[in-house]
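Whatever order the structure lists them in is the order used to number ligands and atoms, beginning at 1. The analysis underlying the following values was restricted to heavy atoms, covering all of them including side chains, and did not include hydrogens, waters or symmetry mates.
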Amino acid sequence: MRCMTTSIFIDDTALATHYAAHITALHKRHDLALEAAGAGHAIIFSGAPIPVFLDDYYYSFKANPHFVSWLPLIKLPYSYLIYTPGEKTVLVYYQEQDYWHSPPEDPQGYWTPYFDIRVIREPGQAAQFIPEAREKCIFIGELQDPSPAMGIERVNPNTAMNILHYGRGVKSDYEIECMRQASMRAAVGHVAAEKAFRAGKSEFDIHMSYCATVGHDETELPYGSIVGVNQNGAVLHYQHRAIQPAPKPLSLLIDAGAQIHRYASDITRTYAFAEGEFADLISAFEALQLGLVAEVSAGVDYADLHLLTHRKIAKFLKDHDIATGSEDALVDEGVTAAFFPHGLGHLLGVQVHDVGGFMADSTGKIIERPSDHATLRLTRPLQTNMVLTIEPGLYIIDLLLQKMTGLAGDKLINHSVVDHLRPYGGIRIEDNVRITDSGCENLTRDAFAKLL
Ligand code: GLY
Ligand code: MN
Ligand code: MN
């Protein structure tokens, strides 16, 4: 029996209405990429599973993001798209005959009319569909060994890749609809996770509640969920999940996403277990985060918004007696960076940290980060239909606070308040927004609102 991989969270009917325009946009982008590379065909490889060292099984397969931007086949290794301008795109569909694993199901769905589909049973059978003039081809994909390139010498040429990566920064209506649905899927999981936290469950059980609710196993999540109870919330990418519940739960920071055909959501919420100071701090920080969301629109320089976040955090530290001194001093002396050491956010797409965040244009010119802001992942001015995160945070990270010892900024920190906050870990609030001409569509808040 074939395994059906569809999910109640995927509304393919809504996606189908936008697919033709998505494909047209991809054609245009690939025409430009081929022209820049002086090539006639783009051969986009889905990828090969990576074996575990000295063993006979494989890491979970992650398809080439360039392949899955074309079509919703995220679990299809050894397959190819062959794009030639003006011709129907060939999809070489590897449907292995295997009794160890369940083979991919037959091609079906809204996307099939757009491809000339050729099913193969052995990876080597793909060669017959690759244009013989290999020098006119460019190969787009990952190569662990040279064989999948089948003699194509130009692998991921920068001339073409810059155009593709820059183009991916602005999403089609199809991609945006995927991401709306991905936000909805994750929001349902966040509600379940909060419930598990309030029931006193462990990090592990909160994580399991999340996964069960969104219908993802660990390998299907867009990234490993970050589930930090109490002080663990201060670890930016906390990777453990304690099996035992915390004896005295105070706070939960959960950063967890979901995906629809690999288009991701990336959402963080922070909860206080009880009413009181930390709950009030979260509410105040949420106002700060929403203030930042209100600043975005086409034309805004994201790096400027990141710098503005430091100013807002300086004020927040003062307002809540966590630090003293002028806002300028708190930024300039590195105090805000000690409490908020990551970037304001990043592009989002088939990759959680999507490509192209630093690109000034499609030639490969880079917009550098502001000095002293090495963790910022997006420096590009915002354009309509970019999708990105707004995720300010504030944490008690002892490693960074200790580094302040002896520096001028250290004297501005109110250490007794810091000591009081330490058991709560930290706060991050992360929404996914689609940029519009006059502001944004908040995919995350819209999704949570539908659940009320
Ligand atoms: N979940 C990782 C991040 O927020 O970028
Ligand atoms: Mn996140
Ligand atoms: Mn993020």
Side-chain angles (χ1 to χ4, degrees), residues 62 65 168-169 171 179 182-190 193-194 203 206-207 210-211 214 216 218-229 232-241 251-260 262-271 282 285-286 288-290 292-293 296 302-303 305-306 309 313 339-358 369 373-380 382 386-395 397 425-435 440 442-445 447-448:
K62 278 269 187 231
R168 273 175 50 191
K171 275 29 183 200
M179 294 167 86
S183 258
M184 194 69 217
R185 190 172 194 169
V188 175
H190 275 269
E194 182 188 1
E203 291 169 348
I206 294 168
H207 171 68
Y210 181 89
C211 287
V214 302
H216 283 327
E218 187 77 36
T219 67
E220 293 168 321
L221 292 167
Y223 57 93
S225 300
I226 299 161
V227 186
V229 169
N232 295 333
V235 182
L236 299 182
H237 283 175
Y238 175 66
Q239 72 278 37
H240 304 300
R241 285 153 204 151
S251 62
L252 168 68
L253 187 155
I254 173 164
D255 182 343
Q259 48 104 354
I260 297 290
R262 265 284 285 283
Y263 285 90
S265 53
D266 175 8
I267 298 174
T268 310
R269 289 294 181 263
T270 310
Y271 306 103
I282 294 171
F285 201 75
E286 179 156 32
L288 180 153
Q289 190 262 359
L290 285 170
L292 291 165
V293 170
V296 301
Y302 195 81
L305 203 57
H306 172 81
T309 307
I313 286 180
F339 288 97
F340 169 52
H342 58 76
L344 176 60
H346 50 87
L347 293 176
L348 188 65
V350 287
Q351 290 168 266
V352 178
H353 296 161
D354 216 12
V355 287
F358 303 111
R369 301 168 169 113
H373 293 272
T375 53
L376 182 60
R377 291 192 173 101
L378 176 56
T379 53
R380 226 165 125 169
L382 302 185
M386 280 182 168
V387 179
L388 47 100
T389 68
I390 301 288
E391 48 178 307
L394 190 142
Y395 318 85
I397 302 175
I427 303 172
R428 177 162 68 253
I429 299 174
E430 176 176 27
D431 287 348
N432 304 163
V433 299
R434 173 179 77 88
I435 302 304
C440 72
N442 192 324
L443 307 180
T444 308
R445 303 263 168 187
F448 277 110

> Would you say Glu391's side chain and Arg428's backbone share a donor-acceptor pair under 3.5 angstrom?
no
> Is the Tyr395-His342 ring centre distance short of 6.0 angstrom?
yes
> From the Mn ion (ligand 3) out to just under 2.8 Å, does an N/O/S atom of His353 turn up?
no
> Which of the N/O/S atoms in Glu391 sits closest to the Mn ion (ligand 3)?
OE2
> Donor-acceptor check, side chain of Arg241 to backbone of Ser225, threshold 3.5 angstrom: yes or no?
yes
> Are there any N/O pairs under 3.5 Å between ligand 1 and the protein, and if so, what are their distances?
{"residue": "ligand 1", "atom": "1 (N)", "partner": "Asp255", "partner atom": "OD1", "Å": "3.2"}
{"residue": "ligand 1", "atom": "1 (N)", "partner": "Asp255", "partner atom": "OD2", "Å": "3.1"}
{"residue": "ligand 1", "atom": "1 (N)", "partner": "Asp266", "partner atom": "OD1", "Å": "3.1"}
{"residue": "ligand 1", "atom": "4 (O)", "partner": "Asp255", "partner atom": "OD2", "Å": "3.3"}
{"residue": "ligand 1", "atom": "4 (O)", "partner": "Asp266", "partner atom": "OD1", "Å": "3.4"}
{"residue": "ligand 1", "atom": "4 (O)", "partner": "Asp266", "partner atom": "OD2", "Å": "3.2"}
{"residue": "ligand 1", "atom": "4 (O)", "partner": "Glu391", "partner atom": "OE1", "Å": "3.0"}
{"residue": "ligand 1", "atom": "4 (O)", "partner": "Glu391", "partner atom": "OE2", "Å": "3.4"}
{"residue": "ligand 1", "atom": "4 (O)", "partner": "Glu430", "partner atom": "OE1", "Å": "3.3"}
{"residue": "ligand 1", "atom": "4 (O)", "partner": "Glu430", "partner atom": "OE2", "Å": "3.2"}
{"residue": "ligand 1", "atom": "5 (O)", "partner": "His346", "partner atom": "NE2", "Å": "3.1"}
{"residue": "ligand 1", "atom": "5 (O)", "partner": "His353", "partner atom": "NE2", "Å": "2.7"}

> Look only at the side chain of Thr375 and the backbone of Pro341, and say whether a donor-acceptor pair between them is shorter than 3.5 Å.
yes
> Do any N/O/S atoms of Asp255 come under 2.8 Å of the Mn ion (ligand 3)?
no
> Looking at Glu430, which of its N, O or S atoms is the nearest one to the Mn ion (ligand 3)?
OE2
> Students often mix this up, so state it plainly: with edges at 30° and 60°, are the rings of His373 and His306 parallel, tilted or perpendicular?
perpendicular
> Side chains of Asn432 and Thr389: does their closest heavy-atom pair fall under 4.5 Å?
yes
> Using a 4.5 Å cut-off on heavy atoms from C-beta on, say whether the side chain of Glu430 contacts that of Leu344.
no
> In degrees, rounded to 10 degrees, what angle do His346 atom NE2 and Asp266 atom OD2 make at the Mn ion (ligand 3)?
90°
> Would Met179 and Arg434 count as a side-chain contact (heavy atoms from CB on, under 4.5 Å) here? Give the steps.
CA-CA 9 Å; Met179 294 167 86; Arg434 173 179 77 88; over 6 Å; no
